2 protein chains.
Amino acid sequence: MRGNLFAVAVNLIVLTVRSHRLHVLLIERGEQPFLGEWALPGGFVQPDEDLVHTGTRLLREETGDPTGDAVVGHLEQLGSYADPSRDPRGRVLSVAYLALVPDLPEPTPGSDAAASAWRPVDEVGPLAFDHEQLLADGVERARSKIEYTTLAASFCPPEFTVTELRRVYEAVWRSELDPRNFQRKVTSTDGFLVPTPTLVTGGRGRPPRLFRRGPATVLHPPMLRESHRVNRNGDAPEQ
Amino acid sequence: MRGNLFAVAVNLIVLTVRSHRLHVLLIERGEQPFLGEWALPGGFVQPDEDLVHTGTRLLREETGDPTGDAVVGHLEQLGSYADPSRDPRGRVLSVAYLALVPDLPEPTPGSDAAASAWRPVDEVGPLAFDHEQLLADGVERARSKIEYTTLAASFCPPEFTVTELRRVYEAVWRSELDPRNFQRKVTSTDGFLVPTPTLVTGGRGRPPRLFRRGPATVLHPPMLRESHRVNRNGDAPEQ
DNA sequence: TCAAAAGTGTTTCACATACACCCATGT
DNA sequence: ACATGGGTGTATGTGAAACACTTTTGA
């Protein structure tokens, strides 16, 4: 068997929405290399562990939720990164996993972390390794996937209002959506939202209804970030 | 550094369209394990090689195009597979790359292959390792990406007709598209197709115009596989 | 002259946008 | 009463679907 050997790590891009802004879970490294610097949480794949198993194990560790019951969110593989110079210790391939979770309590640092915290994705400074690239790719994946899937609900608690769901879209896309058209769009898409009998009182205006996630996973037609009329095709229009 | 070590391979899902059907490039293994069985082409990542470099190197080797000039197609990372039992030799992580290429001449087998051939994707039998899974994931990625990108043109030669492009969509999606609406759609999307002065004579009807790829990479709005009216949301509609 | 394939015009319908308007609550 | 946010109704525009029709070639 030719080829040299790699250590294989899994890194998590754990995204959530807190106070109307998209946040990512970061740790302060407690070991070399990059000791004291901020990084994405992660760890090595153990013997007899599959990648997705490593991902869920790390997600439970870093969110401080050993049973996994509280994290009802979404976990998917994002991609692998193996630039020969990405880790000073040697050849390390990192498989990035993207996690979308509801707003959780403050995280408890994992074993190799000095501290951990939620940080707004547009205020993240330099990160260890190539983790800025991983984070950028993860945010981009999240932004595009909520267009044509129902994954935005993964950022919400089990029961939520239409406005809470709209705040998720607005936070991830950093854009404003018309509340009235959004309401009609999500409530008229079969299988997206299941109404509950509960109305939330205590707020200022008319009490909103609570919804649960429905069985639908894709959105046809997709949710649109903005008008179709802008030319997103990049360069000079032809003819 | 905890965690055990992996061999890291890159496997290619090379797709093309031949005689109106989607084909994949397969090799007959010339080494153990799985000697004599069909598999996806691949090879190990060499020292100081990045993943995408391994992918392009292998693509040139397997297509018999050492300069890479003929393969003007598309190469992107699909995902990584690392089930502990996927390779009897031990712990091997495979990074799958998806390649979309124009119809090429018959391939020349790479170093570790006894033979290689283009096979229709819906007539592929059992494959070595977990390569059936890789192939299914690659075909699914190709099917969805040509909806909202201009990547279908990667299956075409540098100059092609609108009908040739439509045959690509029909082969990948195994569906029929209205030639007249397709024509208007692709020619009116800014930056997708650039007309050339050339008309192709020799066919039976009115000579079609040749086009080249334009600078556009995304399709807004997307190409639709079939009518919007069918409910693709899966399960029982709510409320 | 006819068949065949390329390409255009037109009607209809789905749905996004924009926004007027009503509903139900806290203060 | 009134402000505030939830939710519905409706006019307008864009683009997909369906298909009649014209154009341009080979046989």
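Chain identifiers are assigned alphabetically (A, B, ...) following the order of the sequence lines, protein sequences preceding nucleic acid strands; residue numbering begins at 1 within each chain. Since the structure is predicted, the reported quantities are computational estimates derived from the model, not experimental observations.
Proximity of B:R206 to the phosphate of D:dT23: no side-chain N or O atom is located under 4.0 Å from OP1 or OP2. Side-chain N/O atoms of B:K185 include one lying less than 4.0 angstrom from OP1 or OP2 on D:dA16. Residue A:T163 places at least one side-chain N or O under 4.0 Å from the OP1 or OP2 atom of D:dG6.
Counting any heavy atom pair closer than 4.0 Å across all strands shown, A:T161 reaches no nucleic acid atom.
If you take CG on B:L210 and CD on B:E164, they are separated by 7.5 Å, rounding to the nearest 0.5 Å.
Whole-Å rounding puts the A:L224 CG to D:dG15 P distance at 12 Å. Separating the CD atom of B:E176 from the P atom of D:dA18 is a distance of 13 Å, rounded to the nearest angstrom. Distance CE (A:M223) to P (C:dC15): 14 Å, rounded to an integer number of Å. Look at CD on B:Q183: it is 12 Å from C1' on D:dT23, rounded to the nearest Å. Taking atom CG of residue A:D178 and atom C1' of nucleotide D:dG6, one finds them 13 Å apart after rounding to whole Å. B:L210 places its CG atom 12 Å from the P atom of C:dA6, with the value rounded to the nearest Å. D:dT23 atom C1' lies 12 Å from atom CG of B:L199, rounded to whole Å. Between B:R180 atom CZ and D:dC21 atom C1' the separation is 10 Å, expressed in whole Å.
With salt bridges taken as basic N to acidic carboxylate O contacts below 4.0 Å, none links A:E123 and A:R119. For B:R174 and B:E170, the salt-bridge test fails: no basic side-chain N is under 4.0 Å from an acidic carboxylate O.
B:D103 and B:T16 share no side-chain donor-acceptor pair at under 3.5 Å.
Nearest-nucleotide positions on DNA chain C for A:R184 and A:P207 put A:R184 closer to the 5' end. Nucleotides of DNA chain C nearest to A:G202 and B:N181 differ in position, and the one nearer the 5' end is that of B:N181.
Proximity note for A:R166 (side chain, C-beta onward) versus D:dG6, D:dT24, C:dA18: the nearest is D:dG6.
Exactly one residue among B:K145, B:R213, B:H74 makes a side-chain hydrogen bond (donor to acceptor under 3.5 Å, both in side chains) with B:S154. That residue is B:R213.
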